[in-house]
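First comes the structure, then the notes that go with it.
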Amino acid sequence: MTVALAVIFAGVLHATWNAIAKGAPDRWASFALIALGEALVVVPLGLLIGPPDRAAWPWLAASAVVHIVYMGLLLMAYQLGDFSQVYPLARGSAPLLVAVVAAVALGERLSWAQDAGVAAVCAGLWVLAFTGGREPAEGGPRRDPRAVAAALLTGVSIAGYTLLDGVGVRNAGGSLSYTSWLFGIQAPLTVVIVLALRGRATLTRLDRPAVLRGLAGGLISMAAYGIVLWAQTRGALASVAALRETGVISGAVIGAVFFSERLGPRRIAAACVVAAGVVLITAH
């Protein structure tokens, strides 16, 4: 139960840093600052702890590349779509992919109750993705199909790094070492890529509050992912992935409160389905 609660809390943290990224006037700068906030902590920490075991390095390197692709896809999705649409669609598509691949390729088997829980969580998340929001009749823009495509591709990348990290952290000799070195590689590369594409002025023109929000987002992101990696050493990948995605409930609330996006009865019902799925997933 402790692992389940920790992963659910990680989902809330994840929704929070995504809201910081989505709400920034310059999302390129926001993503760079989030990566910089991660690097400021994990680079010294990684040097202090030392590298993970050699068996984890192929998985860690592959995950770092997929994380960078994920950040690019997520940024694109946020440029094109609403938070209440893009976030749950990207996050909700990942657990189903993880469950299928973990069962087929890694031989993981869940109980019938946990299978039902994964299905309920995924179903609830998809309802959250496709109901509510701004509709043309209300004067809002039509949903851009490119946003849906970018969100789904983001979900594929999430599933990819979830599986890579699930195997890698189990071969690392410690989740903290793996986490610090993963972010220590991925975060500086993200900053370099943003600066190369957008120029140094992307960061230098920001005011202090924007810088502090971005750096705080990096710290929150690192904490969220560190919790998940720790949980992956103690639970099945499909269960951890599904529980983590309950953060889209927080995402729906954030969208309604901070981005003025509609939270109707269908979204509330979907949240209840997700909660029921969590209960089944944590059943023994």
Side-chain angles (χ1 to χ4, degrees), residues 1-19 22 74 77 81-103 108 110-133 143 148 151-152 154-159 162-163 166 220 224-225 227-228 231-232 234-259 261-284:
M1 193 63 178
T2 300
V3 172
L5 291 174
V7 176
I8 292 170
F9 178 61
V12 175
L13 293 178
H14 191 278
T16 301
W17 83 254
N18 271 260
K22 168 66 175 174
L74 186 63
D82 289 342
F83 187 77
S84 61
Q85 176 198 26
V86 169
Y87 184 74
L89 184 54
R91 303 309 306 184
S93 59
L96 183 59
L97 294 171
V98 171
V100 171
V101 175
E108 289 193 350
L110 303 179
S111 68
W112 70 267
Q114 290 173 318
D115 284 333
V118 170
V121 169
C122 290
L125 297 182
W126 278 77
V127 172
L128 285 171
F130 289 111
T131 59
R143 287 174 170 172
V148 174
L152 288 173
T154 302
V156 173
S157 67
I158 293 167
T162 298
L163 290 165
I220 295 169
Y225 205 66
I227 292 171
V228 169
Q232 286 178 335
R234 289 161 171 79
L237 292 184
S239 295
V240 171
L243 283 170
R244 182 189 187 192
E245 307 317 332
T246 58
V248 300
I249 299 174
S250 302
V253 174
I254 289 171
V257 174
F258 295 100
F259 299 124
E261 297 170 0
R262 189 174 60 192
L263 182 62
R266 288 186 181 180
R267 285 184 175 271
I268 295 172
C272 293
V273 171
V274 171
V278 170
V279 173
L280 289 173
I281 289 170
T282 56
H284 295 286

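These numbers were taken from a predicted model, which means no experiment stands behind them. Positions are given from 1, in the same order as the sequence printed here. Heavy-atom basis, side chains included; hydrogens, waters and symmetry copies ignored.
- Atom CD1 in I158 sits 10.5 Å away from atom CG in L152 (nearest 0.5 Å).
- The two residues A19 and I254 make their nearest non-hydrogen contact at CB-CG2, 3.5 Å.
- Partners of A120 under the side-chain contact (heavy atoms from CB on, under 4.5 Å) rule, at least two apart in sequence or in another chain, are V273.
- Heavy-atom minimum distance, V86 versus A77: CG1-CB, 3.4 Å.
- Looking at residues two or more places apart in sequence or on another chain, you find no side-chain contact (heavy atoms from CB on, under 4.5 Å) involving A119.
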Q. Given the rule in the ring pair (Phe, Tyr, Trp, His ring centres under 6.0 Å) test, do H14 and Y87 qualify, once you have shown the distances and angles that lead to the verdict?
A. CA-CA 10 Å; H14 191 278; Y87 184 74; 5.8 Å; yes
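- By the 4.5 Å heavy-atom criterion applied to side chains, I227 and L13 are counted as neighbours.
- Closest heavy-atom contact between A270 and G124: CB-O, 3.4 Å.
- Counting heavy atoms from C-beta outward, N18 and F83 have side chains that approach closer than 4.5 Å.
- The shortest side-chain heavy-atom distance between W17 and K22 does not fall under the 4.5 Å cut-off.
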